[in-house]
Student: 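Here it is, the structure, as structure tokens.
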There are 2 protein chains.
Amino acid sequence: MKRTRYKEIETLLKVKIQHGVLKVGDYLPSENELCTNFSITRTTVRKALDNLLKEGYIEKKHGKGSLVKERRHSLGLLNVKGFSEAVGMNVNTIFLQEPAKREWSTTTSFRPSENELKANSLHFEQLRCVGDDPVMLENNWFADLELKNIIGQEFVEGSFFKTLSQKYLIEVTGSEQELRAEYADERTAGYLKIEPGTPILHISVKFHTNKSNLNIYSELYCNTMKYPIGNSYHL
Amino acid sequence: MKRTRYKEIETLLKVKIQHGVLKVGDYLPSENELCTNFSITRTTVRKALDNLLKEGYIEKKHGKGSLVKERRHSLGLLNVKGFSEAVGMNVNTIFLQEPAKREWSTTTSFRPSENELKANSLHFEQLRCVGDDPVMLENNWFADLELKNIIGQEFVEGSFFKTLSQKYLIEVTGSEQELRAEYADERTAGYLKIEPGTPILHISVKFHTNKSNLNIYSELYCNTMKYPIGNSYHL
DNA sequence: AATTTTGGCTTGTACGTACAAGTGGATCTT
DNA sequence: AAGATCCACTTGTACGTACAAGCCAAAATT
């Protein structure tokens, strides 16, 4: 991943927000202050702020400033990253199947490319809990191409995507999703502690990354009774 | 809505794409060509293209150009606009309840503000069909504040959002959503032609607009068996 | 005292310039 | 003929400038 000035500012501010240095409702330094503080032009500052806006971290008020926004308290922003970045603090993740070489699933909505299918597939399965409530069963596949030592390694802060970003400089650049309401099958229901046949939200995702041959295919099964899936979008 | 140069170019290109003048896979004129054609600077052109990128109309290739992208053929891009703009051609909309003054719903996920609750509520209900298959039941509420004559009037191309944009210069600036898998109740199941108790996808949306006191509250009930809800996101 | 005006801050739009970096065909060299 | 180089094109990043427009409090006017 190429380092750029705007990305520097962007991640720096994002970290400050994530760590609570900048709290919800706080105004960011004005664009001109950021310019002088970091010795960059307003064009670059605005590019960084635009990205934060797009990802829902801030809100901009014409004539006033940019302020830190309340991130969705439900399981928000699935269109940006994975689960553990989206939710607040009290999220526990349990590995049902540790990362290992396994067959490509034949039931994913998004079909891997021929090149990916030729390669081996790495897979892992997690159960996501809010407190003690299991709310999401998650399966992930990706081609075993460029990620040396990813199996056997602990994930950074429990997040696969943070690991990709920090250890391999791989960033998610986009995603496609398909959403379906389905009956829970027995296995899924068991892990989610619900009756088989209960409606669950099935989300199929293909994450695109800046490595053109690396995509992550995820199948998520969510119990939305207590914790609906959230999403937001701002121009 | 304020008219800006970049919005001009943006809508002009968008219309060309929507009307098929620019087809999927076609390259747009280069940024420099657009500059000279419209007598604007590259900064402005890029702002317009960024918006098209964000809304999923185009794809950019470094060193090559911008090309028109395949829009998702499933019921895509709910985070941007409403239904009839998101899907292709063969969508039929049936009014179950024409726009009229009705009570605010007490069951919406997103609570209208005090100011909105004080005002009267306008409501309408639609059934969305792909061909002959009913796929989505849609209820919409919004405060009766600034939209003179909107009841009794035909929607532009059947779309409420297009009507807002073209007749009232109101644009959607963002949205919040909550997604749940639920059992279909009898009424919903009847209209969607499914058995009561079948899982359906319930989407609650609050659309924000450039009129700060105008939000649109929608409750959508989708039969995702045949047509899953699609979504995509690109940096 | 109440109202209007002003001025200084903020973000929004738009101008123009320069160079980096990816792409691909034409040209030159071996 | 095959390969390497070059060049003209594309988009990406970053610089700098100017003014419009929204917000708000202090100052001037009524």
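Note that the structure is predicted; figures quoted are calculated from it, not measured. Hydrogens, waters and symmetry mates play no part in the numbers below; they use all other heavy atoms, side chains included.
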Student: Answer yes or no: is there a donor N or O on one side and an acceptor on the other, between the side chain of A/T108 and the main chain of A/R111, under 3.5 Å?
Tutor: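 No, the answer is negative, given that no donor and acceptor are paired below the 3.5 Å cut-off.
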
Student: Between atom CZ in B/R46 and atom P in D/dA14, what is the gap in whole Å?
Tutor: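 Rounding to the nearest Å, CZ of B/R46 and P of D/dA14 are 11 Å apart.
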
Student: Rounded to the Å, how far apart are B/K64 NZ and C/dG24 P?
Tutor: 4 Å

Student: How far apart are the C-alpha atoms of A/F207 and A/F160, what are their side-chain angles, what is the distance that settles it, and do they pass the ring-ring contact (aromatic ring centres under 6.0 Å, His included) test?
Tutor: CA-CA 12 Å; A/F207 290 103; A/F160 177 57; 9.1 Å; no

Student: Between the side chain of A/T11 and the main-chain N/O of A/K7, is any donor-acceptor distance below 3.5 Å?
Tutor: yes

Student: Report the nucleotide, chosen from D/dC15, C/dT11, D/dT13, that has the shortest atom-to-atom distance to any side-chain atom of A/E31.
Tutor: C/dT11

Student: Provide, to the nearest angstrom, the distance between the CG atom belonging to B/L49 and the P atom belonging to D/dT11.
Tutor: 8 Å

Student: Taking CZ from A/F38 and P from D/dG16, how many angstroms apart are they, rounded to a whole number?
Tutor: 16 Å

Student: To the nearest angstrom, how far is A/K61 atom NZ from D/dC24 atom P?
Tutor: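 Whole-Å distance recorded here is 10 Å.
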
Student: From the set C/dC15, C/dT10, D/dT10, return the single nucleotide nearest to any side-chain atom of B/T41.
Tutor: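 Out of C/dC15, C/dT10, D/dT10, the nucleotide with an atom closest to B/T41's side chain is C/dC15.
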
Student: Among C/dG12, D/dT13, C/dT10, find the nucleotide with the atom closest to the side chain of A/N32.
Tutor: C/dT10

Student: Expressed in angstrom and rounded to an integer, what is the separation of A/E10 atom CD from D/dA14 atom C1'?
Tutor: 16 Å

Student: When you measure from the centre of the six-membered ring of B/Y217, is the NZ or CZ of B/K206 closer than 6.0 Å and no more than 45° off the axis?
Tutor: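 No, B/K206 and B/Y217 do not form such a contact.
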
Student: Could you state the NE2-C1' distance from B/H62 to C/dA20, rounded to the nearest angstrom?
Tutor: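 Roughly 8 Å, once rounded to whole Å.
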
Student: Can a side chain N or O of B/K47 be found less than 4.0 Å away from OP1 or OP2 on C/dT13?
Tutor: yes

Student: Between B/G63 and A/R42, which has a closest nucleotide on DNA chain D that is more 5'?
Tutor: B/G63

Student: Nearest whole Å is fine: how far is C/dT13 P from A/D50 CG?
Tutor: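 For the pair A/D50 CG and C/dT13 P, the rounded distance is 10 Å.
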
Student: So, are B/E178 and B/R180 salt-bridged, with charged N and O less than 4.0 Å apart?
Tutor: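 Salt bridge between B/E178 and B/R180, a charged N being under 4.0 Å from a carboxylate O: yes.
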
Student: Is B/Y6 close enough to C/dT13 that one of its side-chain N or O atoms is under 4.0 Å from OP1 or OP2 there?
Tutor: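 So the side-chain polar atoms of B/Y6 do come within 4.0 Å of the phosphate oxygens OP1 or OP2 of C/dT13, strictly under.
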
Student: Which nucleotide in the list C/dA14, C/dG22, D/dC15 gets nearest to the side chain of B/T44?
Tutor: C/dA14

Student: When you match B/S66 and A/S39 each to their closest nucleotide on DNA chain D, which lands nearer the 5' end?
Tutor: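 The residue closer to the strand's 5' end, by nearest nucleotide, is B/S66.
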
Student: Can you figure out which of C/dT11, D/dG12, C/dC15 approaches the side chain of B/I40 most closely?
Tutor: C/dC15

Student: Is the phosphate of C/dT10 approached by A/S30 (side-chain N or O, under 4.0 Å from OP1 or OP2)?
Tutor: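 The answer is yes; a side-chain N or O of A/S30 sits under 4.0 Å from OP1 or OP2.
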
